[in-house]
Amino acid sequence: MTPMSGAAPTGDFQGCIPPWGGVASGLLYTPAAPERGLARGASTTEPPQPMHRASPSPRLESSSFPPRHSRLRAWAARLALLGASASVLATSEPTSPDFHSEEHAGPPFSLSTEAPRATRHLVIRATAAKPEDTSVWGELSVRISARWKPTDPTLPQRPWFRASLQGASSPDPIVVLGGPDDTTVIELRAGLSKECPLDAACEWHKAVDFEVQDNVSPGTVDVEWTAVASAHVEGTSDLPKGFTLEVSSP
């Protein structure tokens, strides 16, 4: 067969031998015979197989377990806390039961709008039958009762009243007094330092300040007050022999 003039050959002529095995003769070539078992014109390429998406392998969410370094930090914190607790238990000193003094009744007195302020002093003393290599810690409680007596009961004004205890654990209370038949009660508390060795007489000195409003109608405030102390000894689980605690006014 002679190709048409001007038409490009349809085969790839490399060294005059087509890639599909035909034998070239000039511009003529004979195509190679098809493979056995295949019909002429059939393709040797297998049809594409449908693709199946592989199921993802099951895995645990990252949030199911904390990172390894986070778990290590948590365990380290627990161990540190246990160590601190053990240290506190090992170094804590024994403490005796609380001991209470008898109630001390301070002398009653009066304030007035002309003399609105007063101060009272207290001495708290702890002793033992013999010197002890221990320290005492305690607390002082003061209870105050105040009653307003106006010079002219027909006047409605009532003054405020304030009391403060040296070293108190809370702010000074200020209250408005009631009528002549009303009694106002205030309670104050203050700590007694434990840095009081019992190798000799252990003393604390406290002051109580009283004040009434002075720019109101004339009148007086009758004040009654008591004090009681409690204390315990550190360094021993029992109170020292002959231990005493008393509150007095100098």
Side-chain angles (χ1 to χ4, degrees), residues 92-112 115-149 159-178 181-213 220-250:
S92 60
E93 295 183 355
T95 302
S96 74
D98 285 339
F99 184 88
H100 298 273
S101 71
E102 293 184 0
E103 184 179 80
H104 168 72
F109 64 96
S110 295
L111 299 175
S112 69
R117 298 172 186 86
T119 299
R120 296 294 183 266
H121 297 275
L122 292 169
V123 177
I124 304 95
R125 177 190 293 263
T127 60
K130 62 180 182 178
E132 298 280 346
D133 186 18
T134 55
S135 296
V136 182
W137 184 95
E139 184 180 61
L140 176 67
S141 300
V142 177
R143 190 175 188 270
I144 302 167
S145 299
R147 177 177 293 183
W148 168 243
K149 291 184 177 181
W160 52 254
F161 176 78
R162 173 169 55 195
S164 61
L165 174 61
Q166 179 184 356
S169 55
S170 59
D172 300 341
I174 300 178
V175 297
V176 176
L177 297 176
D181 297 327
D182 297 328
T183 299
T184 301
V185 177
I186 296 176
E187 292 188 356
L188 305 174
R189 296 178 183 274
L192 304 176
S193 172
K194 68 179 181 180
E195 298 176 0
C196 190
L198 201 56
D199 54 359
C202 177
E203 289 185 355
W204 298 271
H205 296 263
K206 294 291 183 180
V208 187
D209 295 322
F210 306 86
E211 183 180 3
V212 66
Q213 185 179 359
T220 60
V221 179
D222 293 339
V223 180
E224 296 179 356
W225 60 289
T226 59
V228 64
S230 63
H232 64 259
V233 180
E234 292 190 348
T236 177
S237 56
D238 298 317
L239 286 169
K241 185 177 180 180
F243 182 80
T244 62
L245 181 66
E246 64 177 1
V247 180
S248 61
S249 298

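What's counted below: heavy atoms across the whole structure, side chains too, no hydrogens, waters or symmetry copies. Values in this document were obtained by computation on a predicted structure and should not be read as measured data.
Proximity of L111 to P116: side-chain heavy atoms (C-beta onward) are nowhere separated by under 4.5 Å. The shortest distance between side-chain heavy atoms of P94 and T236 does not fall below 4.5 Å.
Taking Q213 as the reference, P159, W160, N215, V216 meet the side chain to side chain contact (heavy atoms under 4.5 Å, CB included) condition, with sequence neighbours excluded. Remark: D172 pairs with no residue by the side chain to side chain donor-acceptor pair (under 3.5 Å) rule, at least two apart or across chains. In this structure R147 satisfies the salt bridge (Lys or Arg N to Asp or Glu O under 4.0 Å) test with no other residue, sequence neighbours excluded. Taking the salt bridge (Lys or Arg N to Asp or Glu O under 4.0 Å) definition, one finds that E187 meets it with R143, sequence neighbours left out.
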Which donor-acceptor pairs under 3.5 Å do side chains of residues 118-126 form with protein atoms, sequence neighbours excluded?
unit_1, atom_1, unit_2, atom_2, d
T119, OG1, D209, OD1, 2.7
R125, NE, E203, OE2, 3.3
R125, NH1, E203, OE2, 3.1
R125, NH2, E203, OE2, 2.2

Show me, pair by pair, the donor-acceptor contacts under 3.5 angstrom made by side chains of residues 238-250, not counting sequence neighbours?
unit_1, atom_1, unit_2, atom_2, d
T244, OG1, T127, OG1, 2.3
S249, OG, H104, NE2, 2.7

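Residues S112 and T220 approach most closely at CB-CG2, 3.9 Å, considering heavy atoms. Closest of all the heavy-atom pairs between L165 and K206 is CD1-CB, 4.3 Å. Across all their heavy atoms, P97 and H232 have their closest contact at O-CB, 3.6 Å. Smallest separation of non-hydrogen atoms from T134 and E234: CB-O, 3.3 Å. For V142 against A227, the heavy-atom pair with the smallest separation is CG2-CB, 4.1 Å.
The line from OG1 of T183 to CG of D222 is 9.5 Å long, rounded to the nearest 0.5 Å. Taken from CG in L177 to OG1 in T184, the straight-line distance is 5.0 Å, to the nearest 0.5 Å. Separating the OG atom in S170 from the CG atom in L188 is a distance of 7.0 Å, to the nearest 0.5 Å. Separation of atoms CZ (R162) and CD1 (I174) is listed at 4.5 Å; rounding is to 0.5 Å.
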Going through the checks in order, is the side-chain contact (heavy atoms from CB on, under 4.5 Å) test met by F210 and V221? CA-CA 10 Å; F210 306 86; V221 179; over 6 Å; no
Show your reasoning for whether side-chain contact (heavy atoms from CB on, under 4.5 Å) applies to I144 and F161. CA-CA 11 Å; I144 302 167; F161 176 78; 4.2 Å; yes
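Crowding of Q166 atom CD: a count of heavy atoms from other residues, nucleotides or ligands under 6.0 Å exceeding 12.
S230 contributes no side-chain N or O that, together with a main-chain N or O of D98, makes up a donor-acceptor pair within less than 3.5 Å. A donor-acceptor contact shorter than 3.5 Å links the side chain of W225 to the backbone of P107.
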